[in-house]
Amino acid sequence: MIKRVGFLLVLLAAAAGAQTKVGTTAGAFLQIGVGGRGAAMGETAVASAADVSAIYWNPALAATLNRGQAYFNHTTWFADIDVNYGAVMLHFDDLGQFALSFYSLNSGQLEITTEEREEGTGELFTVQDLMLGLTYSRSLTDRFNFGGTVKLIRQALWDMSAATVGLDVGLTYRTPFNPVTIGMSISNFGGEMRLSGTNTAVRYDPDPRVGGNNDGIVADMRTRSWDLPVTFRAGFAYRVLETRLNRLLLSGDLLYPNNNDNYLNLGAEYSLNKMFFLRAGYRQLMLDDAEGGLAAGVGFNYRNVRIDFAHTDRGRLNSPQYFSVGVDF
């Protein structure tokens, strides 16, 4: 069964188009994965969940968690950029699971430069991105789960900003081959984003051929609208080994983004006594010009507290690190 699933994912990944789509969407921060577990497993999390951060990958996974949880993740991104994610989930036996989440990116203060003053003007600006989400998930049967997240998305660059609403939807199915679960999700389906603000103000001369007229009318330079980074994920989680002390999970996700070619992620997780975890994975297999790809991490569970750490290789760009903590209640 698992060989057939893996072979199918490889064939689908090979069907990627030849024309590049990189840099053709807004809201790029939404594609920075969250959670020490998911990052360490090569971002293969569409079919398996251990904490509420799973709603980022597939909101249906919240239905597999039978307790409330509070969660926070901090990522040290490139160029001293801070990325934070947090979520709180409530579990109701009859109604399902509800979760609130936020996702933020902050560049810190950056210096403004111009063609004339390449060393800097002395002015500073920041880049700030924010997502607020409301998730609902429920089990329809003992094998089938569904879920969705409504998201408010906002980006701010200097004195300009853009906002829109997005939607994530997902499904999971535990197959009759009990060690295998499959899942799929669509992330960031929604409206377009267009930056506007005082930085787009320009002075306009309606007719430069005529003298004596007002040659400094203040006008707004309209910027282009851009789609959100929509991503379709399909994958599996296969529990190869499960004893009282030892567990081994293999996972794979195939991604179809609207701003890049298709690619495949693979990951693995070994757990000892459901307390200590070793994880590894590889991102963006079969993607040309991918930067890095290896990922690894560790995890520790004690009673109702979960702590995870991940280190990822991004090639020449740097090696982001993820630290997350979750508390069940």
Side-chain angles (χ1 to χ4, degrees), residues 1-12 33-35 37-38 40-69 71 87 89-99 135-149 168-187 231-256 264-271 273-274 277 279 281 299 301 306 308 326 328:
M1 174 65 181
I2 192 63
K3 291 182 179 179
R4 293 179 181 176
V5 173
F7 180 67
L8 178 60
L9 292 178
V10 171
L11 287 180
L12 292 174
V34 304
R37 180 178 185 263
M41 295 175 66
E43 299 187 357
T44 58
V46 76
S48 66
D51 52 55
V52 71
S53 71
I55 64 177
Y56 168 85
W57 312 98
N58 184 352
L61 290 170
T64 66
L65 305 173
N66 56 10
R67 299 179 65 181
Q69 186 176 117
Y71 181 90
M89 186 188 76
L90 299 178
H91 169 75
F92 300 94
D93 290 334
D94 297 330
L95 296 178
Q97 282 79 0
F98 293 85
T135 300
Y136 175 71
S137 180
R138 184 170 183 175
S139 297
L140 296 182
T141 70
D142 60 342
R143 295 184 180 274
F144 184 72
N145 308 305
F146 83 98
T149 301
D168 297 353
V169 293
L171 305 169
T172 65
Y173 176 67
R174 184 166 58 86
T175 70
F177 307 93
N178 285 333
V180 180
T181 299
I182 57 176
M184 60 186 66
S185 68
I186 298 177
S187 302
T231 301
F232 173 75
R233 292 182 176 88
F236 69 91
Y238 176 40
R239 196 163 295 283
V240 180
L241 173 67
E242 184 168 13
T243 66
R244 187 176 65 86
L245 291 178
N246 301 288
R247 289 187 175 187
L248 177 61
L249 178 73
L250 301 180
S251 56
D253 286 5
L254 177 63
L255 284 79
Y256 291 85
L264 179 67
N265 297 338
L266 296 175
E269 177 185 65
Y270 168 76
S271 63
N273 200 29
K274 300 182 182 179
F277 298 83
R279 305 179 179 112
N301 289 359
R306 307 168 183 269
D308 297 303
D328 295 339

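These values consider heavy atoms only, across backbone and side chains, with no hydrogens, waters or symmetry-generated copies.
Each salt bridge (Lys or Arg N to Asp or Glu O under 4.0 Å) pair with one or both residues in residues 42-58, not counting sequence neighbours, appears once here: Glu43-Arg283, Glu43-Arg314. Pairs engaging residues 54-65 under the salt bridge (Lys or Arg N to Asp or Glu O under 4.0 Å) rule: none recorded [sequence neighbours left out].
Scanning both residues, Val52 and Ala99, for their nearest heavy atoms gives CG2-CB, 4.4 Å. The minimum heavy-atom distance between Ile55 and Ala62, with the atom names listed, is CG2-CB, 3.8 Å. Residues Ser251 and Thr44 share a closest heavy-atom pair of OG-OG1, 2.7 Å. Residues Ala54 and Ala49 approach most closely at CB-CB, 3.5 Å, considering heavy atoms. Between Val34 and Ser53, the shortest heavy-atom contact is CG2-O, 4.1 Å. When all heavy atoms of Pro59 and Thr149 are compared, the closest pair comes out as CB-OG1, 3.6 Å.
If you take CG on Asp168 and CH2 on Trp57, they are separated by 12.0 Å, rounding to the nearest 0.5 Å. From Thr64, atom OG1 reaches atom CZ of Arg174 across 11.0 Å, with rounding to the nearest 0.5 Å. From Met41, atom CE reaches atom CG of Leu266 across 10.5 Å, with rounding to the nearest 0.5 Å. Note that OH of Tyr270 and CG of Leu248 are 9.0 Å apart. Values are rounded to the nearest 0.5 Å. Distance OH/Tyr238 to CG/Leu250: 8.0 Å, rounded to 0.5 Å. Note: Thr135 OG1 to Tyr56 OH = 13.0 Å, rounded to the nearest 0.5 Å.
Annotation: side-chain hydrogen bond (donor to acceptor under 3.5 Å, both in side chains) contacts of Tyr71 (sequence neighbours excluded): Ser324. For Ser48, the side-chain contact (heavy atoms from CB on, under 4.5 Å) partners are Arg37, Ala237, Leu249, not counting sequence neighbours. Not counting sequence neighbours, the partners of Asn301 by the side-chain contact (heavy atoms from CB on, under 4.5 Å) test are Phe277, Arg306. Residues meeting the ring-ring contact (aromatic ring centres under 6.0 Å, His included) test with Tyr136, sequence neighbours left out: Phe98. Taking the side-chain contact (heavy atoms from CB on, under 4.5 Å) definition, one finds that Leu171 meets it with Phe144, Phe146, Met184, sequence neighbours left out. The side-chain contact (heavy atoms from CB on, under 4.5 Å) check on Arg67 picks up Asn304, Asp328, with sequence neighbours excluded. Residues meeting the side-chain hydrogen bond (donor to acceptor under 3.5 Å, both in side chains) test with Ser185, sequence neighbours left out: none. The salt bridge (Lys or Arg N to Asp or Glu O under 4.0 Å) search around Arg233 returns none, not counting sequence neighbours. Ser137 pairs by the side-chain hydrogen bond (donor to acceptor under 3.5 Å, both in side chains) definition with nothing, not counting sequence neighbours. Among residues two or more places apart in sequence or in another chain, the side-chain hydrogen bond (donor to acceptor under 3.5 Å, both in side chains) test is passed with Arg247 by Glu242.
Under the 4.5 Å side-chain criterion, counting only non-hydrogen atoms from C-beta, Asn145 is not in contact with Leu61.
Of the possible polar contacts, one joining the Arg138 side chain to the Asp94 backbone as a donor-acceptor pair under 3.5 Å is found. Looking only at distances, a side-chain donor or acceptor of Thr175 sits under 3.5 Å from a matching main-chain atom of Val180.
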